[in-house]
Every structure is written in structure tokens, then in C-alpha cells.
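Worksheet: one structure, shown below.
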Amino acid sequence: MSTSDRREFLLKNVPLMSAPLWLPIISGTAAAGTMPEMVAAPDIQVEWRFCGKCMSLFYNGFPAKGRCSAGGAHNAMGFVFHLPFNTPETPKAQIEWRFCNKCFVMFWNGNPRKGTCAAGGVHTAQGYIFTLPHDIPANGNNQDKWRYCQKCMGMVFDGFPNKGNCPAGGVHSPYGYMFVLPHDLMPDYRTSARLNTDGWAPINGNMDILVKQNGDYTFWGRIHNSGAINIRFSLAASLTTPNGQSFGFAVTGKRVDGTETVFGRNRDHSWNYSNNNPALAQHFAQLGRATLNWRLVASSTIMETITNYLQNLGKEALQKMIKEANVAPGIKLGNFYMNIISTL
């Protein structure tokens with residue numbers, strides 16, 4: 001093998017997390033105004049928030065923020081609620097709470113009347129069927145004083161003297177159960193990898209990815225050259241979730257010096273990059289079941305665009321999940337979507 005051929009050789013491709021029991025995908029890629037896709041488990045959805053203008057509970061996981069009865073879009077404040085869905089009704093948990101795909105609020109769909117929507121007409125139910133706990137003790141991760149408004153049928157916060165703007169007119173009219181909603185239950189997601197080659201190129205290092213439930217992330221790491229020749233490298237990494245979402249991170253065309261460089265030698269390349277991506281917040285609940293794949297290539301480029309390279313890396317991870325699931329009708333590569341998070 002020639003030196004140039006070796007420099008393009010794929011040095012490493014290791015899935016770092018074992019695959020759990022994969023379940024069927026139940027919908028395709030989400031767009032604003034449709035519920036985000038998830039697999040059947042886990043049975044909670046994050047990014048439900050309190051609107052500081054109308055006092056309603058609304059879904060904050062889309063770039064668009066719905067329609068607020070106080071005017072304009074909703075304004076998210078306070079806790080990030082983690083709400084259970086597809087669970088049975090009990091004496092302390094009421095079923096038939098739904099997302100309205102017009103105004104984005106949580107409303108009770110158990111009445112034929114369907115309430116009043118700030119976007120006009122009545123609420124339109126879409127997505128999961130939520131089962132919300134009520135009349136249980138509140139604590140640091142469960143907030144009480146959430147109530148049903150008997151005028152608009154939305155979930156509203158009854159803990160302030162101001163009862164908020166009701167789309168049915170006037171202020172909300174809280175009624176019935178005292179709901180106690182869980183919030184901020186999930187720790188930050190973090191994954192890491194040791195990066196090393198088993199081929200000709202003597203480079204090694206580490207990579208870490210940290211994601212918070214609001215979509216804040218940090219991607220950092222280091223590559224070290226312990227050999228004689230100068231080496232340019234590219235690193236591509238993908239986090240691929242069971243519902244077909246993949247998030248791409250890359251470091252491309254960076255140089256680490258070998259001993260052949262005498263003056264100004266730099267044997268290490270380090271990076272530390274932080275930002276926010278709404279897609280990470282939207283799919284945060286899925287990250288705990290994600291597979292991390294990475295490839296380290298000793299070359300100045302990766303022979304194709306970084307976008308295509310990350311796409312292919314993520315698709316390979318999803319194909320492996322599908323294969324390991326074996327009997328999982330509904331999972332298909334067509335559900336795959338790559339979101340390029342960071343390219344340095």
C-alpha cells in the first residue's frame with residue numbers, strides 16, 4: 001500500500017454504546033405544528049413550558065412558539081416539564097390531555113366540545129395521549145397548582161393572583177383537580193470516546209460531547225501525534241437515536257506535527273466548542289438511547305463533503321439498529337434525518 005493510499009485509510013469505526021431493544025418508529029420527521037416523533041418508550045416528553053403571558057402550559061420544542069391568547073407567540077418561562085404519555089388512567093392521574101397543533105397548548109380532549117383555541121375555533125388534538133398526575137404531594141421536581149380551565153379547556157397555572165388571558169374571553173377559570181406536573185427530571189447527557197489508531201498513523205486522543213436538555217451543547221477533545229511525520233486528520237462523529245435522528249460533529253483538516261518539524265512544533269490539536277441547537281432539546285429524551293459512532297481519518301480531507309460523510313456515518317448506525325432489532329416493523333431508513341451540529 002502506498003503512502004498516499006495509507007493516508008486515506010479508514011483508521012477507526014467503533015460504536016461505543018451497546019444497542020438496547022429497539023422499538024418501532026411511530027412517525028416521520030417532525031415539522032412545526034406536528035408532534036415530534038419518538039419511539040414508544042421512554043414514555044415521557046420534555047420541553048413543555050409555562051407561558052408567562054397567558055399562564056398556559058405549551059409545547060416549546062419547535063422554532064415556532066404557537067399562538068398565545070395574550071397576543072403573539074407563547075413566552076417560555078420557568079421549569080422544563082417532563083410529561084408522561086401512553087400510560088393508563090389511575091385515581092391520581094387523568095388521561096386524554098393532548099397537544100393542540102394550532103395554538104400548541106396542552107388541553108383536555110375528553111369533552112366533545114374541545115374548548116376554545118387562541119388560533120381560532122376549537123382545539124385540534126394531535127400526537128400523544130398524556131396522562132397527568134393530580135392531587136399528589138408536590139416537591140422539588142413536581143409542581144402543583146396546575147388546573148383545568150373550564151372555559152378554554154387548557155392546562156393553566158393557578159398559583160398567581162393573575163389568572164392569565166383565556167382565549168374564551170376574560171381570564172382563565174381554574175376548576176377541578178389540582179395537577180402536579182413533573183419537571184427537570186433528566187440529568188445532562190454526556191458521552192465520550194478514546195480516539196486511537198491501529199494503523200500506520202501514530203495519532204490518538206479523546207473526544208467528549210455534553211448536551212443539556214435546553215439544547216446547549218459542548219463538543220471538545222484533543223488529538224496528539226506521537227510519531228515522526230506531520231499528519232493532517234479529520235474526525236467525524238454521529239449520535240444516532242432509535243427514532244432515526246442523527247447529530248453530526250466534526251473536526252476537519254487539522255494538523256499535528258511529528259518530530260520532522262523542528263521549530264514551532266505543535267504535537268497536539270485541541271478544540272472546545274459550545275453552542276445551542278433546538279433539535280437537541282427536541283430529541284433530548286432520545287439521547288440516552290443513542291449510539292455514538294466515530295471515524296478518524298489520517299488525511300487533509302475526507303474524500304467527500306463533510307455533510308455526506310456524516311450522513312453516511314449516521315445511516316450506518318441506524319442500519320445497525322434496524323438489523324439488531326430484527327423484528328421491528330415500521331423502522332426504516334427513510335425516517336433518518338441528519339442534523340449537522342458542529343463542524344470545526
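Not a single donor-acceptor pair under 3.5 Å links the side chain of R67 to the backbone N or O of A73. One N or O on the side chain of K53 and one on the backbone of G71 form a donor-acceptor pair closer than 3.5 Å. Side chain of N111 to backbone of G115: no donor-acceptor contact under 3.5 angstrom is found. Between the S234 side chain and the G253 main chain, a donor and an acceptor come within less than 3.5 Å of each other. Between the side chain of H123 and the backbone N or O of A118 there is no donor-acceptor pair closer than 3.5 Å. Side chain of S226 to main chain of P202: a donor-acceptor pair is present (N/O by atom type, distance under 3.5 Å, no hydrogens or angles). Checked by atom type and distance alone, the side chain of R222 never pairs as donor or acceptor with a backbone atom of N206 at under 3.5 Å. Put simply, the side chain of R98 gets close to the backbone of G127: a donor and an acceptor are under 3.5 Å apart.
The line from CD1 of I231 to NE2 of H269 is 14.5 Å long, rounded to the nearest 0.5 Å. Distance check: S69 OG to N165 CG gives 5.0 Å after rounding to the nearest 0.5 Å. Distance check, rounded to the nearest 0.5 Å: OG1 of T240 to CD of Q245 gives 10.0 Å. Considering CZ of R190 and CG of D208, their distance stands at 4.5 Å, rounded to 0.5 Å. The CZ atom of R267 sits 9.0 Å away from the CG atom of N230 when rounded to the nearest 0.5 Å. Atom CZ of residue F50 and atom CG of residue N75 lie 9.5 Å apart, to the nearest 0.5 angstrom.
One hydrophobic cluster, built from ILVMFWY side chains closer than 4.5 Å, cannot hold both I95 and Y175; they sit in different ones. Follow the hydrophobic side-chain contacts under 4.5 Å out from Y273 and you reach L195 in the same cluster. Grouping the Ile, Leu, Val, Met, Phe, Trp and Tyr side chains by contacts below 4.5 angstrom, directly or via other members, places V122 apart from M106.
Heavy-atom minimum distance, I209 versus F219: CG1-CD1, 3.9 Å. The minimum heavy-atom distance between T131 and P88, with the atom names listed, is CG2-O, 3.5 Å. Contact between L235 and M207 at its shortest, heavy atoms only, is CD2-SD, 3.9 Å. Contact record, Q94 with W108: CD-NE1, 3.5 Å, taken as the closest heavy-atom pair. Considering every non-hydrogen atom in both G140 and H183, the closest pair reads O-CE1, 3.0 Å. When every heavy atom of K65 is checked against every heavy atom of H74, the shortest pair comes out as O-CD2, 3.0 Å.
At a threshold of 4.5 Å between non-hydrogen side-chain atoms, the residues L57 and L181 count as touching. The shortest side-chain heavy-atom distance between V80 and R49 falls under the 4.5 Å cut-off. Using a 4.5 Å heavy-atom threshold, the side chains of T241 and L287 count as touching. In this structure, the side chains of Y189 and K212 stay at 4.5 Å or more apart for every pair of heavy atoms. When side chains are defined from C-beta on, W146 does not count as touching D144, because their heavy atoms never get closer than 4.5 Å.
Around the NZ atom of K163, the shell of radius 6.0 Å holds more than 12 heavy atoms that belong to other residues, nucleotides or ligands. When the shell of 6.0 Å around NZ of K114 is examined, it contains more than 12 heavy atoms from other residues, nucleotides or ligands.
Ring pair H283/F247 is tilted by interplanar angle, where 30° to 60° counts as tilted. Below 30°, between 30° and 60°, or above 60°: for W271 and F233 the angle between ring planes is between 30° and 60°, a tilted geometry.
Other members of the cluster containing M178 do not exist, because no ILVMFWY side chain is joined to it at under 4.5 Å.
Screening Y59, F99, F58, W48 for a ring-ring contact (aromatic ring centres under 6.0 Å, His included) involving F104 leaves a single residue, F99.
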Q: I would like to know whether N272 and T218 meet side chain to side chain contact (heavy atoms under 4.5 Å, CB included); could you show each step before the answer?
A: CA-CA 7 Å; N272 191 318; T218 303; 3.5 Å; yes
Check: residues 147-157 side-chain donor-acceptor pairs under 3.5 Å, at least two apart:
residue, atom, partner, partner atom, Å
R147, NE, G176, O, 3.4
R147, NE, Y177, O, 3.1
R147, NH1, D158, OD2, 3.3
R147, NH2, G176, O, 3.2
Q150, NE2, S173, OG, 2.9
K151, NZ, G169, O, 2.4
K151, NZ, V171, O, 2.7

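Side-chain contact check for D268 and H224: at least one donor-acceptor pair (N or O, by modelled atom type) lies under 3.5 Å. Side-chain contact check for N266 and D257: no donor-acceptor pair (N or O, by modelled atom type) lies under 3.5 Å.
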